[in-house]
There are 2 protein chains.
Amino acid sequence: MTSNLASTLITKLTVSNNLDSADIRAIHGLPIRERKLGASALIVADGARSTDCCLLAEGFAFRAKTTFEGQRQVLSLHIPGEIPDLQSLHLHVMDHELVALTPCKVGFIAHEAIRDANQQRPNLAAALWRETLIDSAIFREWIVNVGRRSAAARMAHLLVEMHQRLKAVGLTQDDGFAFPITQAELGDCLGLSTVHVNRTLQSLRKDGLISVERAEFRILDMQGLEFLAGFDPTYLHLNPSI
Amino acid sequence: MTSNLASTLITKLTVSNNLDSADIRAIHGLPIRERKLGASALIVADGARSTDCCLLAEGFAFRAKTTFEGQRQVLSLHIPGEIPDLQSLHLHVMDHELVALTPCKVGFIAHEAIRDANQQRPNLAAALWRETLIDSAIFREWIVNVGRRSAAARMAHLLVEMHQRLKAVGLTQDDGFAFPITQAELGDCLGLSTVHVNRTLQSLRKDGLISVERAEFRILDMQGLEFLAGFDPTYLHLNPSI
DNA sequence: CGGACTGTTGATTCGAATCAAAACCGGTGG
DNA sequence: CCACCGGTTTTGATTCGAATCAACAGTCCG
């Protein structure tokens, strides 16, 4: 069957949560308004007051803040099945922006509909709360990444994280994964300049850790990359029962 | 009346949430086991599986991760009334540690008790969810802080944030606030070396922005400090209705 | 074919880390 | 009461990682 919007959400939620059939029915029952967006489209603006959440069904998106001096910092990267602005359910004014990294298919779900479903299905509410907490755990790891790791370790960590998250929803081929991001955008994720991102990637390639061609990253030495990154997957909380 | 453990939680929740009298009764009904802790006491270890949440009633605490190379990064600072490990309600294994920054009075509340209260009082559950989302919003701002701001701006931002959060629960005197933290710990918050923290603080003092004596910080030029920090208080979500 | 974006390279600067040592401070015990 | 001690703050000298500046090459696309 063709994967509709709700199915991508269910796939993603099931990675980290135990949903029962009634929960899944409730998700299928959610009214979702589909939309297609081009790369770099602004999905939700900083300062906005949303009445909907945005379910990312295809493509990549990111959340970002821009400093007073005009420097952009990417806060998180989002993959299909995620609801990057789920926090807007309880935080009514956006403190950052949500942007399409690549062309995307998204679905907007009214807060009211999610609130109703949460009331009917407390287990679904718990799963969504848990998703926002995993979001939070990833933010924490990113603080460590930009605060304490070298450029090479930062890059390695980001790549390993993306590989693991994409693998969990079946969006990898072996050690390769499609990830269409520019070096400037990588710099905004890692708190590095574009030039330094370029040199860091070259160094990872030279050391035989990764290969990059076009929008396709490939991890050639997973052990080596994880060691360089100091990667510990605990923070991704991918196992529903722990 | 003497402020017991539950009251500090109510004070803090009321800053950002609308609680009704039944919610407040439910909080007062929570069984809380009080404990006193010395400075640098480990409250919850990385990797632990908690059965309780820790309510911080007096003193300061922080959450932190330690990299493979032994570098510590502080992820968040916590003030009285907060539950720094509220996420453990849904994330059963700790991906970081919780530590007492100063001598603390804390209260442990069983997950079961909180779950029961949440079931009885959906409005309380929403408030706690919102608290974890505000936590998340602060993490986002910290990513920007360590990723994109200069040392002086980072320090300024941290001090303005702490002042605003402490003011919201009545723990400031005018522009001064008690904040017993060493320069090494500030470095761990900001991703800076101790030596550079020292020089950064000197520069803020020289510019007449702050004064520090003992554990007492004083903001001498709020406008100037906020401008240097590029501070926008939106992310603190201190207004319950937005 | 031209133009805009993206990636690459080299030269240089700069902010912050590191290394090393001294000064300061509060507590403790002789 | 004072000497001592560990932790903290301060200072100076030096190194180093990453930013910046400036070009140029590659690629995609209208």
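Within every chain, numbering begins at 1; the chains are lettered A, B, ... in the order of the sequence lines, protein sequences first and strands thereafter.
Within the 4.0 angstrom heavy-atom criterion, no nucleotide atom of any strand lies near A/Gly187. In this structure, B/Arg148 reaches neither bases nor backbone, as no heavy-atom distance under 4.0 Å exists between it and the strands shown.
Out of C/dT18, D/dT9, C/dA16, the shortest distance to the side chain of B/Leu192 is found at C/dA16. For A/Gln183, taking side-chain heavy atoms from C-beta onward, the closest of the listed nucleotides C/dC25, C/dT6, C/dT8 is C/dT8. Taking every side-chain heavy atom of A/Ser193 into account, D/dT20 is the closest of D/dT20, C/dT18, D/dT8. Set against C/dG7, D/dA18, D/dT11, the side chain of A/Ser150 has D/dA18 as its closest nucleotide. Nearest nucleotide to the A/His196 side chain, out of C/dG26, C/dA16, D/dA19: D/dA19.
For A/Asn4 and A/Ser7, the side-chain atoms include at least one donor-acceptor pair closer than 3.5 Å. If you check the side chains of B/Asn198 and B/Gln202, you find a donor sitting under 3.5 Å from an acceptor. If you check the side chains of B/Thr194 and B/His196, you find no donor sitting under 3.5 Å from an acceptor.
For A/Gln202, no side-chain nitrogen or oxygen approaches OP1 or OP2 of C/dG7 to under 4.0 Å. Contact annotation: B/Asn198 side-chain N/O to D/dT10 OP1/OP2 distance is under 4.0 Å.
Between B/Leu5 and B/Lys105, the shortest heavy-atom contact is CD2-CE, 4.0 Å.
Distance A/Leu101 CG to C/dT6 C1': 14 Å, rounded to the nearest Å. Here the P atom of nucleotide D/dA18 and the CD atom of A/Gln71 are 16 Å apart, to the nearest Å. A/Arg154 places its CZ atom 10 Å from the C1' atom of D/dG17, with the value rounded to the nearest Å. Computed from coordinates, the B/Ile181 CD1 to D/dT9 C1' distance equals 15 Å when rounded to whole Å. If you take CG of A/Asp188 and P of C/dT6, they are 12 Å apart, rounded to a whole angstrom. Look at CG on B/Leu190: it is 10 Å from P on C/dA17, rounded to the nearest Å. Computed from coordinates, the B/Arg149 CZ to D/dA18 C1' distance equals 20 Å when rounded to whole Å.
Mapping A/Val195 and B/Leu201 onto DNA chain D by nearest heavy atom places B/Leu201 at the nucleotide closer to the 5' end.
For A/His157 and A/Phe227, the ring centers sit 6.0 Å or farther from each other.
On a pure distance criterion of 3.5 Å, a polar donor-acceptor pair joins the side chain of A/Arg199 and the base of C/dG10.
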